[in-house]
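These numbers were taken from a predicted model, which means no experiment stands behind them.
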Amino acid sequence: MLEKRPVFIISKTITEKILDGVSILVILCTFAYLANVWTLIPERIPIHFNGQGKEDGWGNKFSLFLLPVITLILYIGLTVLSKYPHTFNYPYKITNENATWQYGNARLFMNCLKMLIVVLFGYVEWTLIQIARGNSVALNMWIFSIVLLLILGTVIFFFIRSIKLK
């Protein structure tokens, strides 16, 4: 049986608006950069990399559109999803007393996660273009690892924060 949770309309915080702004800016910059360098990109580009960041798969330059489009779809999907925090999974019961705090925390988590994913995908797209143009020889695994650790850290931080707001 599904529990009946309170449903509130919560305004976006300044932090959420800033995170959305950064995400939108990165998405726009990714598309703009791709359009700007399109004629400088060779027809055959690396599209897959091994564990050391060296290319081991090749494809057509039109595949460079895939990552920004996926990023945009994820951004839109997570934005829509964050409007319904009462439908999220929580490790304990949501009550009238804790709902506003829990929903705000969950929505801020979604916005942080969304921004980190957009930045990660933007970095990967920029790196793919650099490699395709011959300006770089490998995907920088340190930066990639740091962003992945930031994502994991964000999940842990907001989970602990959710427990404290219980």
Look up atom CD1 in Ile151 and atom CE in Met115, then write down how far apart they are to the nearest 0.5 Å. 9.5 Å

Can you confirm whether or not the ring centre of Phe121 sits under 6.0 Å from the ring centre of Trp126? no

Look up atom OG1 in Thr87 and atom CZ in Arg5, then write down how far apart they are to the nearest 0.5 Å. 8.0 Å

Starting from the C-alpha separation in whole Å, work towards a yes-or-no answer on side-chain hydrogen bond (donor to acceptor under 3.5 Å, both in side chains) for Asp20 and Ser23. CA-CA 5 Å; Asp20 268 346; Ser23 296; 5.1 Å; no

Please report the shortest heavy-atom distance between Ala132 and Ile45, naming the atom on each side. CB-CG2, 3.5 Å

Can you measure from CG (Leu67) to CG (Leu72) and round to the nearest 0.5 angstrom? 11.5 Å

Could you tell me whether the side chain of Ser162 reaches within less than 4.5 Å of the side chain of Tyr92, counting heavy atoms only? yes

Worked verdict on Ile117 versus Tyr75 for side-chain contact (heavy atoms from CB on, under 4.5 Å): CA-CA 9 Å; Ile117 290 169; Tyr75 173 83; over 6 Å; no

Nearest 0.5 angstrom please: Met110 CE to Leu78 CG, how far? 4.5 Å

Consider side-chain contact (heavy atoms from CB on, under 4.5 Å). Of Leu19, Leu113, Thr154, which one does Leu108 pass it with? Leu19

Can you check whether Asn105 reaches Phe109 side chain to side chain, under 4.5 Å on heavy atoms? no

Derivation and outcome, side-chain contact (heavy atoms from CB on, under 4.5 Å), residues Thr127 and Tyr123: CA-CA 6 Å; Thr127 303; Tyr123 166 72; 3.2 Å; yes

Check for me, please, whether Leu25 and Leu116 land in the same ILVMFWY cluster - side-chain distances under 4.5 Å, paths through other members count. no

Under 4.5 Å between side-chain heavy atoms, hopping through other hydrophobics if needed: is there a path connecting Ile94 to Val7? no

Give me the atom names and distance for the closest heavy-atom approach of Phe88 to Ser82. CZ-CA, 4.0 Å

Identify the two heavy atoms, one from Tyr103 and one from Pro6, that lie closest to each other, and give their separation to 0.1 Å. OH-O, 2.6 Å

To the closest 0.5 Å, what do you measure between CD1 (Ile163) and CZ (Phe158)? 14.0 Å

Is there a path from Val26 to Ile76 through hydrophobic residues (I, L, V, M, F, W, Y) whose side chains come within less than 4.5 Å of each other? yes

What one should report as the nearest heavy-atom pair of Thr30 and Gly122 is OG1-CA, 3.8 Å

Close side-chain approach of Phe159 and Pro91, heavy atoms under 4.5 Å: yes

Approximate separation, where rounding is to 0.5 Å, of Leu150 CG and Ser145 OG: 11.0 Å

Do Trp101 and Ile160 sit in the same hydrophobic cluster, where Ile, Leu, Val, Met, Phe, Trp and Tyr count as joined when their side-chain heavy atoms come under 4.5 Å apart? no

Aromatic ring pairing His86/Tyr84, orientation class (parallel under 30°, perpendicular over 60°, tilted between): perpendicular

Test side-chain contact (heavy atoms from CB on, under 4.5 Å) on Glu16 and Arg107; report intermediate values, then the result. CA-CA 8 Å; Glu16 289 174 305; Arg107 208 173 64 190; 2.8 Å; yes

Walk me through whether Arg44 and Asn60 qualify under side-chain contact (heavy atoms from CB on, under 4.5 Å). CA-CA 5 Å; Arg44 188 170 177 260; Asn60 188 295; over 6 Å; no

Side chains of Ile129 and Leu34, heavy atoms from C-beta outward: is any pair under 4.5 Å? yes

Shortest non-hydrogen separation from Thr100 to Ile10 and the atoms involved: O-CD1, 4.1 Å

When you group the ILVMFWY residues by side-chain heavy-atom contacts below 4.5 Å and let the links chain together, are Ile41 and Trp58 in the same group? no

May I ask you to check whether Trp38 and Phe65 place their ring centers less than 6.0 Å from one another? yes

